[in-house]
Enquirer: 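Take a look at this one; I'll ask things after.
For the numbers below, each heavy atom of this structure counts, side chains included, while hydrogens, waters and symmetry mates do not. In what follows, chains are A, B, ... by sequence order, proteins preceding strands, each numbered from 1.
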There are 2 protein chains.
Amino acid sequence: MARPSQKKERRAELIPLITAVFAARGYRRTTTAQLAAACKVQENTLYRLWPSKKAMFIAAIEHVFEVSARIWRDLIAHPGGHDESPAGRILSYEADHHGELGNYRIVFAGLSEADDPAIKHALRRMFSRFHEYLEMHVTSTDPSGANAHAWALIGLGLVASVGRELGFLSAADRRDLILSAGTRLIGGLATPGGAVVVGTNGKRK
Amino acid sequence: MARPSQKKERRAELIPLITAVFAARGYRRTTTAQLAAACKVQENTLYRLWPSKKAMFIAAIEHVFEVSARIWRDLIAHPGGHDESPAGRILSYEADHHGELGNYRIVFAGLSEADDPAIKHALRRMFSRFHEYLEMHVTSTDPSGANAHAWALIGLGLVASVGRELGFLSAADRRDLILSAGTRLIGGLATPGGAVVVGTNGKRK
DNA sequence: CATTTAAGTAAGTACGTACTTACATAATAG
DNA sequence: CTATTATGTAAGTACGTACTTACTTAAATG
């Protein structure tokens with residue numbers, strides 16, 4: 001026998017690059033030639049690591065979850081300076097940083113390929129894991145209807161992503177949206193004081 | 001001169017069929033041949049009515065809004081038997097019927113094509129119009145932060161769609177989700193009585 | 001009726017791209 | 001060293017598909 005396989009390591013090296021291309025161009029519009037170029041290898045090399053373009057995409061979906069999960073884990077493990085609840089801490093982190101990695105684009109791309117059972121399964125798993133995380137921390141704040149409210153928080157993330165992508169929510173808008181609606185969802189705390197206004201890019205009635 | 005143009009009428013006839021195909025197959029995976037077959041015409045005929053496949057897709061996006069808007073308009077115009085507020089009426093309608101037309105698939109397909117300025121613009125316009133509608137009715141119930149909460153309701157619709165598409169929310173789950181989180185969003189009314197449980201397809205901790 | 005133009009049909013064509021094949025190099029085990 | 005297998009390079013190939021071209025049919029106007 002000779003040369004033990006380093007496929008796993010190679011895959012781990014390349015998957016962030018591949019994820020970036022899929023996020024930038026979507027699934028269909030990404031060509032295997034572009035993936036290879038971004039990895040600085042030939043297409044053939046990629047096909048030795050994954051059996052198909054689809055498999056590369058599914059690996060990208062998994063990678064997206066792992067990146068976000070690591071951030072949240074760290075966030076909860078290290079309380080930082082603030083004294084908020086775990087749910088509150090996730091909320092205020094997301095208020096400032098949601099979507100900045102552009103990974104939600106992988107989700108959009110995946111959703112329009114959800115006819116494919118393998119892609120559907122990968123996405124489903126990803127959402128379920130996010131939900132599990134959120135539900136746990138929402139429950140610790142306010143157990144009543146935590147399951148539903150955790151899903152609603154994911155919905156909040158989805159609109160924020162869509163708003164960012166389509167440009168109808170500015171950074172400040174997204175911040176206010178996540179804090180205002182998020183607070184109401186995790187605690188039932190009504191927004192204190194003045195109304196929080198989230199703009200539609202200047203368009204006001 | 002002879003034979004006044006009937007292009008507008010023809011377009012109006014065909015667009016529901018075209019929308020259905022795009023919803024079923026996504027943008028990229030839909031072929032112009034499929035569109036023509038669904039309309040029972042030749043491809044060439046479609047190209048006389050729209051300059052490109054992209055134009056057909058944008059027309060489909062607009063059609064999606066018009067269909068949903070008509071439903072909501074009717075819903076608010078005819079109070080039916082119930083005495084709820086307009087916002088509450090939209091909520092309970094959506095709790096039972098959200099996504100049943102499959103039109104959210106057009107949104108998913110569009111989002112992964114949002115690099116294209118024309119598609120982006122069409123989607124943006126669509127979301128803004130939905131938001132306008134919701135904000136108006138949410139405001140009438142609870143003015144504080146209505147703008148943000150209207151966006152949050154759209155987020156609720158998005159998770160419900162994703163949950164339906166990926167199969168992690170059953171019809172009952174979606175119903176409970178929309179009622180539970182939606183009520184909290186439009187009124188700040190805490191869920192009365194027992195906790196509303198939204199399942200993850202049987203998986204419970 | 002005659003003319004004009006819309007609506008329909010049928011068969012291309014040019015192009016992009018997922019995946020292959022064939023070959024060269026180099027690293028590790030015995 | 002030698003055999004074996006991973007890694008890298010380069011050039012196909014087969015196929016799907018957006019859009020065209022050339023032609024026929026038919027409807028409405030003067």
Enquirer: Is D116(B) salt-bridged to R29(A), going by a charged N under 4.0 Å from an acidic O?
Expert: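 Looking at R29(A) together with D116(B), the answer is no, because their closest N to O distance does not fall below 4.0 Å.
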Enquirer: Please state how far atom CZ in R25(A) lies from atom P in dA18(C), giving the value in whole angstrom units.
Expert: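 Computing the R25(A):CZ to dA18(C):P distance gives 11 Å.
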Enquirer: May I ask you to decide whether E13(A) forms a salt bridge with R10(A), counting only side-chain N to carboxylate O separations under 4.0 Å?
Expert: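 A salt bridge is present here (some side-chain N lies under 4.0 Å from a carboxylate O).
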Enquirer: Under 4.0 Å, heavy atoms only, any strand: does T31(B) hit a base, just the sugar-phosphate, or nothing?
Expert: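 Sugar-phosphate contact only - T31(B) comes under 4.0 Å of backbone atoms but never of a base.
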Enquirer: Round to the nearest Å and state the distance from R10(A) atom CZ to dT7(D) atom C1'.
Expert: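 Between C1' of dT7(D) and CZ of R10(A): 9 Å.
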Enquirer: Quickly work out the W50(A) CH2 to dA18(C) C1' distance and round it to whole Å.
Expert: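 Distance, rounded to whole Å: 16 Å.
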Enquirer: Under 4.0 Å between a side-chain N or O of R28(B) and OP1 or OP2 of dT17(C)?
Expert: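 So the side chain of R28(B) is outside the cut-off, no N or O lying under 4.0 Å from OP1 or OP2 of dT17(C).
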Enquirer: Counting just side-chain N and O atoms, does Q42(A) come under 4.0 Å of either OP1 or OP2 of dA10(D)?
Expert: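 Checking dA10(D) against Q42(A), a side-chain N or O does come within under 4.0 Å of OP1 or OP2.
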Enquirer: Drop me the distance from T32(B)'s OG1 to Q42(B)'s CD, to the nearest 0.5 angstrom.
Expert: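 One gets 11.0 Å once the value is rounded to the nearest 0.5 Å.
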Enquirer: Less than 4.0 angstrom from a charged side-chain N to a carboxylate O is my criterion; do R28(B) and E113(B) meet it?
Expert: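 Yes, this pair counts.
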Enquirer: Roughly how far, to the nearest 0.5 Å, is CG of L134(A) from CH2 of W151(A)?
Expert: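 If we round to the nearest 0.5 Å, W151(A):CH2 and L134(A):CG are 9.5 Å apart.
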Enquirer: Which residues pass the salt bridge (Lys or Arg N to Asp or Glu O under 4.0 Å) test with E94(B), sequence neighbours left out?
Expert: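 Salt bridge (Lys or Arg N to Asp or Glu O under 4.0 Å) list for E94(B), sorted by chain: empty.
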Enquirer: Just by protein heavy atoms under 4.0 Å, how would nucleotides 19-24 of chain C read 5' to 3' in B, S and -?
Expert: B-BB--
Enquirer: In whole Å, what is the span from the NZ atom of K40(A) to the C1' atom of dT9(D)?
Expert: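 Distance, rounded to whole Å: 17 Å.
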Enquirer: Return the value, rounded to whole Å, for the distance between atom CD of E9(B) and atom C1' of dA6(C).
Expert: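 Rounded to the whole Å, the gap is 13 Å.
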Enquirer: What is the distance, to the nearest angstrom, from the CD atom on Q34(B) to the P atom on dT17(D)?
Expert: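 Going from Q34(B) (CD) to dT17(D) (P), I get 7 Å.
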